[in-house]
Engineer: 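First the structure, then my questions, so here it is.
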Amino acid sequence: MVLSAPRATIDLAGLRSYVASRLGDKARVSTLHDMLVLDVDRERLVEVATFVRDDARTRCDLYSVNAGVDTGTELRSVTFVRGIETHVFVMLRTPCDSGEPHVPSLTSVWSGANWCERETYDMFGIVFDGHPDLRRIFLEESFPGHPMRKSFLPPRSDARGG
């Protein structure tokens, strides 16, 4: 079995040019495999996400997942959305300072962002401003830290022999 990168089923180069012309300096637009990649500063995230959802050429109506990324120097919120009818797959990448990890919530754009953002908050400590119920989803509220950060040190306990 040979694995290869997914291939786009749409005119991805044409869509990239179109989205780049519509968004201007609001996002840096590129492609990766079968995805349109939008690097967006947090100040423009909700505006760009709304465009991706509402524009007729993208119409990304399915919120798929949010993932946190810790590069060691910065945290990133990475959101994946898809257009059911348009077959457009978009990755929205938003950097944030690891000392003050805040990005706007996308729950006002896609209600499906709710639990995914809570998971990213729980594991990475990225605060989603404007989220309707931002609290831990897996760990106890009293758990110290965020276990998916590179800087995380597990708490010592008798159960671990420490």
Side-chain angles (χ1 to χ4, degrees), residues 15-16 18-155:
L15 184 62
R16 179 191 177 282
Y18 169 77
V19 170
S21 70
R22 294 292 311 271
L23 291 177
D25 65 351
K26 296 174 187 171
R28 291 162 303 288
V29 183
S30 60
T31 59
L32 177 65
H33 306 303
D34 63 339
M35 288 182 285
L36 197 61
V37 180
L38 305 178
D39 289 293
V40 187
D41 292 330
R42 63 183 169 184
E43 296 80 18
R44 301 283 195 151
L45 180 59
V46 173
E47 179 183 2
V48 170
T50 302
F51 167 81
V52 167
R53 182 196 64 192
D54 296 343
D55 187 81
R57 300 243 338 238
T58 54
R59 203 174 311 122
C60 290
D61 50 355
L62 175 65
Y63 184 97
S64 185
V65 71
N66 178 276
V69 176
D70 185 349
T71 67
T73 57
E74 73 177 3
L75 292 174
R76 293 183 189 151
S77 170
V78 183
T79 300
F80 295 90
V81 294
R82 183 176 284 281
I84 299 294
E85 293 179 8
T86 60
H87 304 284
V88 173
F89 194 25
V90 177
M91 177 195 315
L92 296 158
R93 295 190 298 206
T94 305
C96 56
D97 185 319
S98 60
E100 189 179 324
H102 286 261
V103 296
S105 174
L106 294 178
T107 55
S108 65
V109 182
W110 294 283
S111 61
N114 192 318
W115 282 30
C116 296
E117 289 179 351
R118 285 181 58 195
E119 180 180 352
T120 301
Y121 165 71
D122 198 2
M123 297 291 114
F124 287 90
I126 297 173
V127 177
F128 291 89
D129 296 324
H131 190 283
D133 187 23
L134 191 63
R135 58 189 164 98
R136 290 191 182 268
I137 195 166
F138 295 120
L139 302 171
E140 297 174 4
E141 288 293 334
S142 62
F143 188 86
H146 303 280
M148 295 303 288
R149 283 200 182 185
K150 291 185 180 206
S151 61
F152 178 73
L153 296 172

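Quick note: residue numbers are just sequence positions, from 1.
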Engineer: Counting only N and O atoms by type, is there a donor-acceptor contact under 3.5 Å from the side chain of T71 to the main-chain atoms of T73?
Structural biologist: yes
Engineer: When rounded to the nearest 0.5 angstrom, what distance separates CH2 in W110 from SG in C60?
Structural biologist: 6.5 Å
Engineer: So, taking the atom named CD1 in I126 and the one named OG1 in T120, what distance separates them when rounded to the nearest 0.5 Å?
Structural biologist: 6.5 Å
Engineer: Answer yes or no: is there a donor N or O on one side and an acceptor on the other, between the side chain of W115 and the main chain of I137, under 3.5 Å?
Structural biologist: no
Engineer: Any idea which heavy atoms bring L75 and P101 closest together, and the distance?
Structural biologist: CD1-CB, 3.7 Å
Engineer: Report the C-alpha distance between T31 and V37 in whole Å, list the side-chain angles of each, state the deciding distance to 0.1 Å, and finish with yes or no for side-chain contact (heavy atoms from CB on, under 4.5 Å).
Structural biologist: CA-CA 5 Å; T31 59; V37 180; 5.9 Å; no
Engineer: Would you sort out whether Y63 and V81 count as a side-chain contact (heavy atoms from CB on, under 4.5 Å), showing the intermediate values?
Structural biologist: CA-CA 5 Å; Y63 184 97; V81 294; 4.0 Å; yes
Engineer: As a test of understanding, state which of V48, V46, T79 forms a side-chain contact (heavy atoms from CB on, under 4.5 Å) with V109.
Structural biologist: V46
Engineer: Identify the two heavy atoms, one from V103 and one from S77, that lie closest to each other, and give their separation to 0.1 Å.
Structural biologist: CG2-CB, 4.2 Å
Engineer: For the side chain of R82 and the backbone of F89, is there at least one donor-acceptor N/O pair under 3.5 Å apart?
Structural biologist: no
Engineer: Would you say E141 has more than 12 foreign heavy atoms packed within less than 6.0 Å of its CD?
Structural biologist: yes
Engineer: Just by distance, do the side chain of R59 and the backbone of D54 share a donor-acceptor pair under 3.5 Å?
Structural biologist: no
Engineer: Look at the aromatic rings of F143 and F152 and report parallel, tilted or perpendicular, splitting at 30° and 60°.
Structural biologist: parallel
Engineer: Checking D122 side chain against L139 main chain: does a donor-acceptor pair fall under 3.5 Å?
Structural biologist: yes
Engineer: Which heavy atom of L38 sits nearest a heavy atom of V52, and at what distance?
Structural biologist: CD1-CG2, 3.5 Å
Engineer: Can any side-chain N or O of R16 pair as donor or acceptor with the backbone N or O of V29 at less than 3.5 Å?
Structural biologist: yes
Engineer: Testing the basics here: between A49 and L92, what is the closest heavy-atom pair and its distance to 0.1 Å?
Structural biologist: CB-CD1, 4.2 Å
Engineer: Which atom names give the shortest non-hydrogen contact between G130 and T107, and what distance separates them?
Structural biologist: O-OG1, 4.2 Å
Engineer: I'd like to know if the side chain of T86 and the backbone of R57 have a donor-acceptor N/O pair within less than 3.5 Å.
Structural biologist: no
Engineer: Hey, could you give me the OG/CG distance between S21 and L23, rounded to the nearest 0.5 Å?
Structural biologist: 8.0 Å
Engineer: Can you see which heavy atom on D70 is nearest to which on F124, and at what distance?
Structural biologist: N-CE2, 4.0 Å
Engineer: First locate atom CE of M91, then atom OG of S64, and finally report the distance between them rounded to the nearest 0.5 Å.
Structural biologist: 11.0 Å
Engineer: Has the side chain of N66 got a donor or acceptor atom that lies under 3.5 Å from a matching backbone atom of E117?
Structural biologist: no
Engineer: Quick check against the 3.5 Å criterion: does R42 have a side-chain atom that pairs as donor or acceptor with the backbone of H102?
Structural biologist: yes
Engineer: Donor-acceptor check, side chain of R118 to backbone of R136, threshold 3.5 angstrom: yes or no?
Structural biologist: yes
Engineer: Atom CE of residue position M35 - does it have more than 12 heavy atoms of other residues, nucleotides or ligands inside 6.0 Å?
Structural biologist: yes
Engineer: Using the side chain to side chain donor-acceptor pair (under 3.5 Å) rule, pick out the option among R76, R93, R28 that qualifies with D39.
Structural biologist: R93
Engineer: Distance from T50 atom OG1 to D55 atom CG, nearest 0.5 Å?
Structural biologist: 12.0 Å
Engineer: Please report the interatomic distance SG(C116) to CG(L106), rounded to the nearest 0.5 Å.
Structural biologist: 10.5 Å
Engineer: Within the 4.5 Å heavy-atom criterion, are F51 and V19 side-chain neighbours or not?
Structural biologist: yes
